[in-house]
Amino acid sequence: QLQLAESGGGLVQSGGSLRLACTTSGASLDKDAIGWFRQAPGKEREGVACLHRGDGSRFYAESVEGRFTISTDNAGNTVYLQMSLLTPEDTAVYYCGAGPAIPALCVIPDYWGQGTQVTVSP
């Protein structure tokens, strides 16, 4: 069974940076893609960044492109989301998810972490 656990969330001021980490364990290599999602109160969960394991392709939502970077460590066991130039609109619970790679959506997760809260103050 694949296990995912997020960490690194917290409170930052607008314009600041945070790095989130998603630690994977178990049968992670059989998952085609892994991504970061976020959900703000009263809003739908949205994908923000995604990585395809097969070819290393990276994808970003327009709202975060140029500000967020998804990456992995050398072993591929930890996936990071480096966030910079944060704004209050980035405030949300951030989740990592792994599952099949989908060309149009990058990933449809069938495994999720527990989420980590990111709060950006004005």
Side-chain angles (χ1 to χ4, degrees):
Q1 291 290 323
L2 175 64
Q3 303 288 330
L4 302 94
E6 304 94 335
S7 62
L11 174 64
V12 298
Q13 290 185 326
S14 182
S17 300
L18 280 175
R19 188 180 73 164
L20 307 182
C22 176
T23 300
T24 64
S25 61
S28 62
L29 295 180
D30 65 344
K31 303 302 179 182
D32 295 328
I34 189 166
W36 286 95
F37 297 75
R38 66 185 182 186
Q39 186 167 20
K43 296 184 178 180
E44 298 292 325
R45 185 173 298 186
E46 62 174 342
V48 297
C50 180
L51 172 67
H52 283 184
R53 296 185 183 274
D55 60 6
S57 298
R58 293 168 168 85
F59 305 90
Y60 300 94
E62 290 185 0
S63 60
V64 307
E65 188 169 12
R67 300 188 297 119
F68 291 12
T69 302
I70 188 170
S71 63
T72 185
D73 63 2
N74 291 334
N77 294 324
T78 302
V79 180
Y80 301 96
L81 185 68
Q82 178 66 49
M83 306 184 295
S84 62
L85 298 174
L86 288 163
T87 75
E89 292 184 346
D90 296 315
T91 295
V93 177
Y94 284 71
Y95 302 87
C96 62
I102 306 297
L105 302 176
C106 190
V107 61
I108 300 179
D110 48 17
Y111 291 90
W112 294 93
Q114 81 286 354
T116 185
Q117 177 71 49
V118 172
T119 302
V120 185
S121 62

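On a predicted model such as this, the values are computed, not experimentally measured, just so you know.
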Which heavy-atom pair separates [X] from [Y] by the least distance, and what is that distance?
{"X": "G9", "Y": "T116", "answer": "N-OG1, 3.1 Å"}
{"X": "A61", "Y": "G47", "answer": "CB-O, 3.5 Å"}
{"X": "D90", "Y": "R67", "answer": "OD2-NH1, 2.8 Å"}
{"X": "M83", "Y": "V118", "answer": "CE-CG2, 3.9 Å"}
{"X": "A49", "Y": "L81", "answer": "CB-CD1, 3.8 Å"}
{"X": "A92", "Y": "A40", "answer": "CB-N, 3.8 Å"}

- Query: What distance separates Y60 OH from C106 SG, expressed to the nearest 0.5 Å?
  - Reply: 10.0 Å

- Message: Return the CD to SG distance between Q3 and C22, rounded to the nearest 0.5 Å.
- Response: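 Q3 atom CD to C22 atom SG measures 11.0 Å (nearest 0.5 Å).
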
- Query: Do we get R19 above Y80's six-membered ring, with its NZ or CZ under 6.0 Å from the centre and within 45° of the axis?
  - Reply: yes

hydrophobic_cluster_shared for [Y] and [X], side chain cutoff 4.5 Å:
{"X": "V48", "Y": "V107", "result": "no"}
{"X": "L51", "Y": "Y111", "result": "yes"}
{"X": "F68", "Y": "V79", "result": "yes"}
{"X": "W112", "Y": "L2", "result": "no"}
{"X": "L4", "Y": "L20", "result": "yes"}

- Do you know which of T91, V64, T119, V12 makes side-chain contact (heavy atoms from CB on, under 4.5 Å) with L86? V12

- Message: Taking salt bridge (Lys or Arg N to Asp or Glu O under 4.0 Å) as the criterion, tell me which of E6, E46, E44 meets it with R38.
- Response: E46

Between [X] (side chain) and [Y] (backbone), is there a donor-acceptor pair under 3.5 Å?
{"X": "H52", "Y": "D32", "value": "no"}
{"X": "S14", "Y": "S121", "value": "no"}
{"X": "R58", "Y": "I70", "value": "yes"}

- Message: Is it true that, when you exclude Q39 itself, more than 12 heavy atoms of the residues, nucleotides or ligands shown sit nearer than 6.0 Å to its CD?
- Response: yes

